[in-house]
Amino acid sequence: MSTNRSLIINGESKSVDVPDDMPLLWVLRDVLGMTGTKFGCGIAQCGACTVHLDGKAVRSCVLAVSAVGTRAITTIEAVGNTPAGARVQKAWLELEVVQCGYCQSGQIMSASALLTKTAAPNDADIDAAMAGNICRCGTYVRIRQAIKRAAAEQATQ
Amino acid sequence: MAAVFNRRTALQLSGALIVSFAIPLGRGRAATQPGKTPVDLGSVESFLAINPDGNVTVFSGKVDLGTGVRTALSQMVADELDVNMSKVVLIQGDTDLTPDQGVTFGSLSIQNGGAQLRQAAATARRALLIEAGRRFNVPPENLRIEDGMVHPPQGEPVALAALMDRKGLSLKLDKTAPLKAPKDFKLVGKSQPRLDIPDKVTGQFTYMQDFALPGMYHGRVIRPPALGATLLSIDEASIADIPGIVKIVRQENFLGVVAKTEWAAIKGSRRLAATWSEWNGLPSRVELWEYVRRTKIVKDDVTSNTGDSANALGRATQRLAATYDFAIHTHGSIGPSCAVAQFDGDHLTCWSASQATHNLRRQLAAMFSLQDDQVHCLYIDGSGCYGRNGHEDAAADAALLARAVNAPVRVQWMRADEHGWDPKGPPTLLDMRAGLDSTGKITAWESELFIPNGAAGFVALVGADHAGLNSLGTLSPGGVIQDLAIPYAIDNVKTTAHRLESTPFRPAWIRSPGRMQNSFANESFFDEIAAHVKMDPLDARLRYLQDERGKALLERLAALSAWRTWGKSSHGAKHMGRGLAYTKYELVRTYVGVVCEVEVNRDSGEIAVKRVFVAHDCGQIINPDGLRNQIEGNVVQTVSRVLKEEILFSQSKVTSVDWASYPILRFPEVPEVVMDLIDRPDQVPWGAGEPTAAMVPAAIGNAVFDAIGVRLRSVPFTPAKVMAAIKKS
């Protein structure tokens, strides 16, 4: 069944007419042309599709659009407008975290959600928050450093 | 979905073709103009154009697979021409524009691709300085170039581009054109920010997976439920209720769904009712190694033969033998492979993340009985591939579907397609033997490798095979016999690769192909010998090395890791240990040594790799931070391969088709990586995308032996295998 519905994405209201079972990922990528969020597995095993719903990291590949409701969606395109997201992106740039980068939108979204919730995460916090985001290029070492740098910057502000 | 195009304007100017480009990374809609540039390897203009606005366009046949070579190659050209990095625009992997510099693999992009670009830049530089000298009436050596401007001893400078109208770049590439001296480098050797990272951090980068054309449809393929199954029937009505389905495409055993939206294509491919024949022609997994050993040998490649190893083994007072195996692996790209194809009459255009667009063009041309020049392949960065993954196969799928609907079609594989159908790193089996004299000196070394025949040729395209079309495919596992020969000076050595007629799954190269597996056996077995004669693993290697640069690297590694003073410890069931591995990659280039520090739990069999020390000498370093990132990636990816990875299969198909059944390393398991980069600015730059990976398996295995006295000879080192090895000891 197709329904015309309104979604709050990155602070703007967007109207889409899509089947109820279409996962949010394809609404973003295919319908709205917001391709920063990536398809990796389709079964919430890799984290490439991570977005925020009301500030919490969720996997958009298994989230039917009909289940989003009125919750605010934030994507990689606008996470830099949040304090944590801005610090995370800055740290990512400073440490040159990225290799191929395909997983990095999801990594950044998970890291931003972590820092919003836990201002000064320790290694165990990072492990727990980031364990659902996999990277094949092996940038984990730098991701951990970048999260710590972003947290440190938060502390000095 | 976003669209991106290379917008080009080709100008013919005084005999020199000057091409200017802009690559909007944003969301602009398509606007192509025809344009071709020379692509032969002997002309400067195949590699370079200096544009009227001062920008330098670099045409690179080597592509950035996410490793940062876009930046490193730009550094090399900018430095050689003395232009600002920001003036360099790199076009990669476009069969109409970029020369065929060979497949982007083998850690050769800097070493070979970069060397060609640099030579082209040096040839251009010399010609431009001669021209400037003529204009200024001064000897060229009295001129200097700064930020793209040629400065005479006195007077106003002139832009490089302004010198082009007479001489252009229609020059033969001159291998003797003088290169800049290392002391004069301004960009090379210094960390430069990667050009692609800002857009990748903000979601603005257009990956292949994000590329779209106007009027483009989405396709999904439905692979057979068994590798060799044939399609008996389909029930088109089974998906008639899904809005947006455009066409069900069937050609022999190739089956796909084309739809207006990606979600409709996915749903259609999941729900389409199809009946396939049964097939169970794969070997039983528990008998894989017997199967490999039984497979017909079509030839032997003797990769090294010194002295008389058989005789020396016979005379040896002590003999050691061991067998090693390395499981079948997938590339494991996070983004499933993707391509877009479009037919315009009998002309095919295909966008893909192929590491070999020129080869892909030949394969697609063969598939559709076209001439090569009727096919245009363009590279767009995709998810990292780590070898020949499914990108080329997705291209074939997209082309088959695009032809059937006469519209542009995008195909992205699903996760199960990537795990199930990308070409695999073949199962690798090695028998090792050594002989020692009464003093414990190694007098003989023999190895026998069982590996599929073939080299880095054309890997058959899955869609073509299923559709009954020829894609020029041959058995192509990559250069898998490399690094079977050893870097040590032993009097009697014979290393033999038995080349097998077949292997269970379509093989292809995976990062450090063959080198990783062969080095695993070599460096593990060498460690076994050292332990047998009670020699320290480092001292044993130093004893048999004659290469001073290699010895120097090992000393740097020893210092970095405090090898000689580190003391192992244990608490409860957990035991710490360290292992070492060394090679000179392919015996002709990058030197690398690795020390792994592990903690092994004797009760559970779990191995945690805690720290990895790497000493690395790839000659001249182009971009130090980029190099560090590559080495970190090599370590993490290979720790994953060694501890966890193995393709599972029934006798019909791959059964490990997701990240739960084929797990890879996650955050809590990541080691600390410590490295010492040895820069040799006066030496040629060698590759770094692979060599470290080849060292990690043996370094881990040797560390486990150090920790608990048990040898692991079968990758992956799963807890079950560790427990079995403990029990056996």
Side-chain angles (χ1 to χ4, degrees), chain A residues 2 18-19 21-23 26-27 29-31 33-43 45-48 75-80 88-90 92-93 96-106 108 123-124 126-144, chain B residues 1-2 27 65-68 191 193-194 196-198 200-207 209-210 212 218 243 261-264 266-267 331-336 381-386 412 414-415 625-626 629-630 632-637 640 658-660 664-668 670-673:
Chain A
S2 202
V18 295
D21 66 349
M22 185 185 280
W26 283 283
V27 178
R29 289 181 55 83
D30 194 22
V31 178
M34 300 170 67
T35 56
T37 309
K38 302 296 188 239
F39 166 66
C41 69
I43 45 177
Q45 286 183 346
C46 77
T75 70
I76 184 68
E77 284 89 351
V79 77
V88 166
Q89 285 179 329
K90 181 163 174 276
W92 246 248
L93 271 178
E96 297 256 313
V97 167
V98 176
Q99 288 189 32
C100 90
Y102 194 87
C103 73
Q104 297 293 343
S105 294
I108 287 168
D123 280 327
I126 293 173
D127 286 346
M130 304 300 293
N133 289 82
I134 53 175
C135 170
R136 187 55 158 172
C137 296
T139 65
Y140 297 121
V141 177
R142 291 189 183 210
I143 289 175
R144 187 183 299 279
Chain B
M1 196 167 281
R27 304 297 190 220
L65 302 171
T67 59
S191 294
R194 277 212 4 212
D196 51 330
I197 290 185
K200 287 180 174 177
V201 165
T202 53
Q204 301 302 309
F205 191 87
T206 302
Y207 289 88
Q209 282 86 350
D210 307 326
H218 291 271
T261 68
E262 190 170 9
W263 184 239
I266 292 168
K267 278 209 290 192
H331 296 81
S333 303
I334 299 296
D381 303 55
S383 183
C385 61
Y386 325 106
Q412 183 169 18
M414 299 304 284
R415 173 48 46 200
D625 191 62
N629 210 346
Q630 277 306 292
E632 286 165 7
N634 269 293
V635 168
V636 172
Q637 187 175 107
S640 177
D658 57 31
W659 296 116
I664 64 171
L665 209 69
R666 289 176 186 260
F667 261 95
V670 175
E672 182 187 348
V673 184

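Residue numbers start from 1 in every chain, and the chains themselves are labelled A, B, ... in the order their sequence lines are given, proteins ahead of strands.
Contact record, B:T202 with A:Q89: CA-NE2, 3.8 Å, taken as the closest heavy-atom pair. Here the shortest heavy-atom pairing between B:W659 and A:Q45 reads N-OE1, 2.8 Å. Nearest heavy atom pair, residue B:G335 against residue A:Y102, reads CA-CE2, 3.1 Å. Shortest non-hydrogen contact noted between B:Y386 and A:R136 is CE1-CG, 3.1 Å.
Side chain to side chain, B:Q630 and A:Q99 meet the donor-acceptor criterion of an N or O pair below 3.5 Å. With hydrogens and angles left out, the side-chain atoms of B:N629 and A:E96 include no donor and acceptor closer than 3.5 Å.
Of the atoms belonging to A:I134, heavy atoms from both backbone and side chain fall under 4.5 Å from chain B. Contact annotation for B:I266: only side-chain heavy atoms (C-beta onward) come within less than 4.5 Å of a heavy atom of chain A. For B:S191, no part sits under 4.5 Å from any heavy atom of chain A, backbone or side chain. Using a 4.5 Å cut-off between heavy atoms, B:P243 does not touch chain A at all. The parts of B:V201 that come within reach of chain A are both its backbone and its side chain, each placing non-hydrogen atoms under 4.5 angstrom from that chain. Residue A:V27: no heavy atom, backbone or side chain, is found under 4.5 Å from chain B.
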Test side chain to side chain contact (heavy atoms under 4.5 Å, CB included) applied to A:V141 and B:V636, step by step: CA-CA 9 Å; A:V141 177; B:V636 172; 4.1 Å; yes

Evaluate the criterion side chain to side chain contact (heavy atoms under 4.5 Å, CB included) for residue pair B:W263 and A:D30; output intermediate values, then yes/no. CA-CA 8 Å; B:W263 184 239; A:D30 194 22; 5.8 Å; no

Where do B:Q209 and A:K38 land on the side chain to side chain contact (heavy atoms under 4.5 Å, CB included) test, with the steps shown first? CA-CA 8 Å; B:Q209 282 86 350; A:K38 302 296 188 239; 5.6 Å; no

Check against side chain to side chain contact (heavy atoms under 4.5 Å, CB included), B:E632 and A:Y140: CA-CA 9 Å; B:E632 286 165 7; A:Y140 297 121; over 6 Å; no

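With values rounded to the nearest 0.5 angstrom, B:K200 atom NZ is found 15.0 Å from A:W92 atom CH2. Expressed to the nearest 0.5 Å, how far CZ of B:F205 lies from OG1 of A:T35 amounts to 11.0 Å. Distance check: A:C46 SG to B:I664 CD1 gives 9.0 Å after rounding to the nearest 0.5 Å. In this structure, CD1 in B:I197 is found 7.5 Å from CG in A:L93, a value given to the nearest 0.5 Å.
The choice from B:D625, B:L665, B:D196 that makes the most heavy-atom pairs within less than 4.5 Å of chain A is B:D625. When each of A:A131, A:C137, A:C100 is checked for heavy-atom pairs under 4.5 Å with chain B, A:C100 comes out on top. Ranked by heavy-atom pairs under 4.5 Å with chain B, the list A:P19, A:G80, A:C41 is led by A:C41. If you tally non-hydrogen atom pairs under 4.5 Å between each of A:G42, A:G47, A:P23, A:A48 and chain B, the highest count goes to A:P23.
The pair A:D21-B:K267 counts as a salt bridge, with a side-chain nitrogen and a carboxylate oxygen less than 4.0 angstrom apart.
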